[in-house]
Amino acid sequence: YTRGQGGPDHDKSVADFRAFMGDVGTPEDAETVISLIENTTEFTAPTLRKIELMVAKAEALQREDYERLEEIRRELGTL
């Protein structure tokens, strides 16, 4: 993955991630993660936590763990 540099490797990585998120998450969540990774110059603790929570959200959706999903949504709302 070559962050924000374009090219075939970058484009394939982004397409693969979007496809993965299409199976276990939402297109909006995929775009949020991509945007965070490509547009963040300094990965602070809150930014890294948001990325971590977005991945946890996809996992909770896949497992149909709606209690965990609600916890994640509440914490995302505070970031």
Please tell me whether I51 and V14 are part of a single hydrophobic cluster in this structure, the criterion being side-chain heavy atoms less than 4.5 Å apart.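 Yes, I51 and V14 fall within the same hydrophobic cluster.
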Side-chain heavy atoms under 4.5 angstrom apart, residues restricted to Ile, Leu, Val, Met, Phe, Trp, Tyr: same cluster for L79 and V55? no
Hey, what do you get for [atom1] ([X]) to [atom2] ([Y]), rounding to the nearest 0.5 Å?
| X | Y | atom1 | atom2 | answer |
| --- | --- | --- | --- | --- |
| L36 | K50 | CG | NZ | 5.5 Å |
| D29 | M21 | CG | CE | 4.5 Å |
| I34 | M54 | CD1 | CE | 10.5 Å |
| L53 | T32 | CG | OG1 | 12.0 Å |
| R68 | L61 | CZ | CG | 11.5 Å |
| R74 | L76 | CZ | CG | 11.5 Å |

Flag, side chain of T40 to backbone of F43, donor-acceptor distance under 3.5 Å: no
Would you please name every residue forming a side chain to side chain donor-acceptor pair (under 3.5 Å) with [X], sequence neighbours left out?
| X | answer |
| --- | --- |
| T78 | none |
| E70 | none |
| E59 | R63 |

Those residues that, when tested against D65, pass salt bridge (Lys or Arg N to Asp or Glu O under 4.0 Å) (two or more places apart):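 For D65 there are no salt bridge (Lys or Arg N to Asp or Glu O under 4.0 Å) partners, ignoring immediate neighbours.
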Non-neighbouring partners of R73 that pass salt bridge (Lys or Arg N to Asp or Glu O under 4.0 Å), sequence neighbours left out: none
Nearest heavy-atom pair of I72 and A60: which atoms, and what distance?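 Smallest interatomic distance, heavy atoms only, reads CD1-CB, 4.2 Å.
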Begin with the C-alpha distance, continue with both residues' side-chain angles, and end with the deciding distance and a verdict on side chain to side chain contact (heavy atoms under 4.5 Å, CB included) for R49 and E52. CA-CA 5 Å; R49 182 65 178 150; E52 178 183 13; 2.9 Å; yes
List for me each residue that meets side chain to side chain contact (heavy atoms under 4.5 Å, CB included) alongside T44, sequence neighbours excluded, and say none if there are none. E42, P46, T47
